[in-house]
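Protein chains get the first letters and strands the later ones, always in sequence-line order, with residue 1 at the start of each. What you see is a predicted model; the values in this text were computed from it and never measured.
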There are 2 protein chains.
Amino acid sequence: MFQTFDTPSETAATPDRVKRLRALLAARKLDALLVPRADEHQGEYVPPCADRLRWLTGFSGSAGLAVIARKSAALLVDGRYTVQVRAEVDATLFEFPELPRSRVAEWLAAKVGKGAVVGFDPWLHSFCEVEQLGQALAAKGLKLKPTAGNMVDRVWGLERPPPPVAPVIVQPQRLAGRAAEAKIADVQGKLKADGHDAVVLTLPDSICWLLNIRGSDVAHNPVALAFAIVPALGKPELFIVKSKLEGPAREHLAGVVRLSEPAALKERLKELRAAGKRVRLDPNTAAWWLARALGGPKRIARGPDPCLALKARKNAAEIKGARAAHVRDGAAVCEFLCWLDGADVNGELDEITAVRQLEAFRRATRALREISFDTISGSGPNGAIVHYRVSEKSNRTLHKGELFLLDSGAQYADGTTDITRTIAIGEPSDEMRERFTLVLKGHIAIAMARFPKGTRGIDLDPFARRALWEKGLDYDHGTGHGIGSYLSVHEGPQSISRGGMVPLEPGMLISNEPGYYKEGAYGIRIENVILVREPEKVPGGERELMSFETLTLVPIDRRLVVTELLTPGERNWLNDYHARVREVIGPEVDETTRKWLEKATRPL
Amino acid sequence: MFQTFDTPSETAATPDRVKRLRALLAARKLDALLVPRADEHQGEYVPPCADRLRWLTGFSGSAGLAVIARKSAALLVDGRYTVQVRAEVDATLFEFPELPRSRVAEWLAAKVGKGAVVGFDPWLHSFCEVEQLGQALAAKGLKLKPTAGNMVDRVWGLERPPPPVAPVIVQPQRLAGRAAEAKIADVQGKLKADGHDAVVLTLPDSICWLLNIRGSDVAHNPVALAFAIVPALGKPELFIVKSKLEGPAREHLAGVVRLSEPAALKERLKELRAAGKRVRLDPNTAAWWLARALGGPKRIARGPDPCLALKARKNAAEIKGARAAHVRDGAAVCEFLCWLDGADVNGELDEITAVRQLEAFRRATRALREISFDTISGSGPNGAIVHYRVSEKSNRTLHKGELFLLDSGAQYADGTTDITRTIAIGEPSDEMRERFTLVLKGHIAIAMARFPKGTRGIDLDPFARRALWEKGLDYDHGTGHGIGSYLSVHEGPQSISRGGMVPLEPGMLISNEPGYYKEGAYGIRIENVILVREPEKVPGGERELMSFETLTLVPIDRRLVVTELLTPGERNWLNDYHARVREVIGPEVDETTRKWLEKATRPL
């Protein structure tokens, strides 16, 4: 199993850990310390050795910031985690101020006196954040000070897990679609155009994409942790623990980069600085430590990681791979849904069993490398928790008359998938069916959208909400996120959301996942992965239009659709989609599933 | 007549003026000079004495930046004016680089050598612009230097018109809805909450709103040019030419502010600086001169002009006034449309005659104070020029088979109006009718929109474009702008546009004006003013919904509507709207117009 079901919270040890950390604060003459979730790479997932926030506080969410002062402590989380943080973290030790992380200075100012010194690990905060936080603290008379080494690690001591050293594998050019040398040349072209001498890459998925490698240093994301420097001219240098490199990977990499141990990074930055080079860092993702090593914020060139925009537009081979991955994954999910429909839900079937069974069907494809995230398996009220992670403790059996929300994905060598289906267990209520249909209308509005060049995700997001808005309903998350190619299941820069200011471009993969959540009752989400098509001329039109191709191929539960609420165009879309699912997935599944598929894809 | 029809361009004198300016540049050892359209208040309209850009170059648009170097010159305009600038400005003297103003440094770097000095009038650029421009120029090795006095004025000499000194009038509390003292207290509350000791107000419409006064220093905008300082505690100080103040205005103002001549501003800023006060300036609208007088960018507190957000939400009296103004204005426009339908279009009727006639109907209300902008009266291909201003030279007679686009507005004491109607002259083509209907679908989508709190204009803008997008069509302007209450016809901070990031709030007035333009053929725009309603509960819904009330009451040309392209909901909206127009406007107009109205508002 790739997924685990342990209960995340382990608060018993927290008081002692916080106490020991405070003793260290006192010894170092610090009044407070920042403990973020991030690791040195500012990625969404971190290896266990970097999960300091969880070890210290018990909080298991994917984003958060603890502040440990001498006599008080706070844990700041965003809207996704306000419920979870209270369930997991000891409220006698921590406050949970309803403040965005960017306003942590306000909490601090109220807790520590003027002139107080707040410590931070210079590796765990982007330099943009440190700049802004430094200014905000200065305005309140507080000082921000980098610590030498990580203070939580010092308390953690020998119990801290070792850093991961999983072997690196080569992503074959057949799947990557472009040689590492060619990608490096693209990045170098960008650097020359911007007048920069080099860029320091810190995001593992950027580096893995650039060099056509993959790894397994963190859960669910097939990346190897590393840093890289790409000069505008000459060979890039990869800073990676060399024991991760076996034969083929070492051979492949030796051809395209200079290989060094991570410890060499500091020296190399010093050399760049001494040579007066203009070195580019991404202010949002590069650690403050790097900016300091290069001579401080004024000496560095600011610019987005040049891999981001290049990686987001999938090439022909990656698109071919994504289509194949979605057929394979669609077949496995159909087998699961067929099995679920035949299972005795009023018996033993629970959320964890469903996760195990789904993973088993995906494993049976023999192509599964990993799941792309912890499956969200939410029955009844658990479906209303947007980021629900089932544990032995929260596990719940499925009951008739409930909805079951299942959000899952897989990592195959040719592509990453992400799909959500909401399934009626027994007979759904009229309200469930009506609201499911409203969510479906939003999903179809995105799937059918046609839009001119320059359209951004922010422009499409309202289409997904309109039918819900009309009824006084909505959902509190974005409609879609970018998706990697056998890489992170969440990747930028594009999104369909209230903040999605990046224009959509052909070749981008993005999720289409409107939802609706009734707290304490049920959750609905319908998610497919869609691909931005090339702009096309329209008869009689003046501007070329872009549109989406839906890649995910799994039936949407017909039993939850109120046909009369659909316009003829929406109904046609659903019937056409189901016909395509039947046609493409039918030949890929066994007889039982095929029969189920026939029924599940009947026209409405 | 409030409107004039003179041909704007007078390029004959330009070479001599530029030559004399260059001689002055040489004398002052400057390599180049910036000449923006703005005046000291950064408003959209400027008095003739401040229209330096037009005097120097002949360009009459409402935004632009000339750069005069020793041997070359450029005029930078935005997308609205790329055609107009070529028609008005001498291309042998000026280049028209397709660069946004923010990138003027690139043009300069290519024209003047490293180390060159670029002059600017410190009163005519916001301090935010100067900061950014200074950095951009520094990166290219150029220097930005404030000039002593305005160099164009020096060349202009005695021919330059004197500054306006139109009398100030009091906006009665019955119409303003809130006493100046109460508004001042609101602003002071905001300053205290933000920890600022005072704010310098520079926008004339903010000052007029705050103090319940109006003026006529600039065309079409009923404002008095002035500056003000509002302290967090105590009486504000208004810096205004005192000859503008007659009995009632002086009496009213003396009760709420300290009155000073504009020349006293400098001294007062010096005092604030010496006293170490935290003085707030709006970085986007306050002149760099003010920031310098307060000790430079690091010494001042940055924040939006606090009047902007307060002024945008109209109070009950202002809303009542707006409704009355729209009924009065709607009746006048209906009389005009009735007259137009009866006129012999294949004879003498031209664009200017239409403007005169429309203004005559508005004057006949006896309540017209001004028009709110130069009427856009575009027949046939002139309708496709989004910011068309008819002049004796461009004037065109109306012909059968054409569309006539008429965008106009009025200033009444109780409200400002802005309405666009597109009228079929003779028999329209199928294409015209189809595209009109697509624009109408967008207009109705906004008019009928229901949306939760927090929704921004950017979220609604795509609804207005969706029907056009589907056919490969679009329009290159925003869908709606804020509107003042007997103030500027364009006011922020809200908009329905690709950049409209400000949440819509109850009481905001905004235009709803999607369009479509076929270059060289015709233009279509349908514009009503809409009011954001208070959020309301929806049966069965969870979130309160906001919506719009349409205030403008004038028929939309039925002859241009393809009924079959409308959904039943859209058709109902149009029929209901027309029934309301008939019911409300019918009793306000003469018998002939009432008969016309009956016909023009028949259900579809």
When the 4.5 angstrom heavy-atom criterion is applied to A139(B) and chain A, the contacting part is neither
Only pairs of heavy atoms separated by less than 4.5 Å count here; which of K518(A), K471(A), R498(A) has the most with chain B? R498(A)
Keeping to residues at least two apart or across chains, list the side chain to side chain donor-acceptor pair (under 3.5 Å) pairs with something in residues 132-143 of chain B. none
Please classify the contact of R465(B) with chain A as side chain, backbone, both or neither, using a heavy-atom distance under 4.5 Å. neither
Is it the case that atom NZ in K192(A) sees more than 12 heavy atoms from other parts of the structure closer than 6.0 Å? yes
With sequence neighbours excluded, residues passing ring pair (Phe, Tyr, Trp, His ring centres under 6.0 Å) with Y516(A): none
Pairs of heavy atoms under 4.5 Å with chain A: top-ranked of L460(B), D476(B), T567(B): D476(B)
Holding to salt bridge (charged side-chain N to carboxylate O under 4.0 Å, His left out), I want the full list of residues that pass it with R571(B), two or more places apart in sequence or in another chain. none
Looking at D461(A), L468(A), D459(A), which makes the most heavy-atom pairs under 4.5 Å with chain B? D459(A)
Taking non-hydrogen atoms and a cut-off under 4.5 angstrom, which of residues 537-547 of chain A neighbour chain B? V538(A), G540(A), G541(A), E542(A), R543(A), L545(A)
Please rank M501(B), R450(B), R466(B) by heavy-atom pairs under 4.5 Å with chain A and give me the top one. R466(B)
Once you measure the plane-to-plane angle for F463(B) and F463(A), does it fall in the parallel (<30°), tilted (30-60°) or perpendicular (>60°) bin? tilted
Considering only heavy atoms, which portion of D474(B) lies under 4.5 Å from any heavy atom of chain A: side chain, backbone, both, or neither? both
Would you find more than 12 non-hydrogen atoms of other residues, nucleotides or ligands less than 6.0 Å from K441(B) atom NZ? yes
Does atom CD of E519(B) have more than 12 heavy-atom neighbours, drawn from other residues, nucleotides or ligands, at distances under 6.0 Å? no
Option in G195(B), G472(B), A449(B), P452(B) with maximal non-hydrogen atom pairs under 4.5 Å from chain A: G472(B)
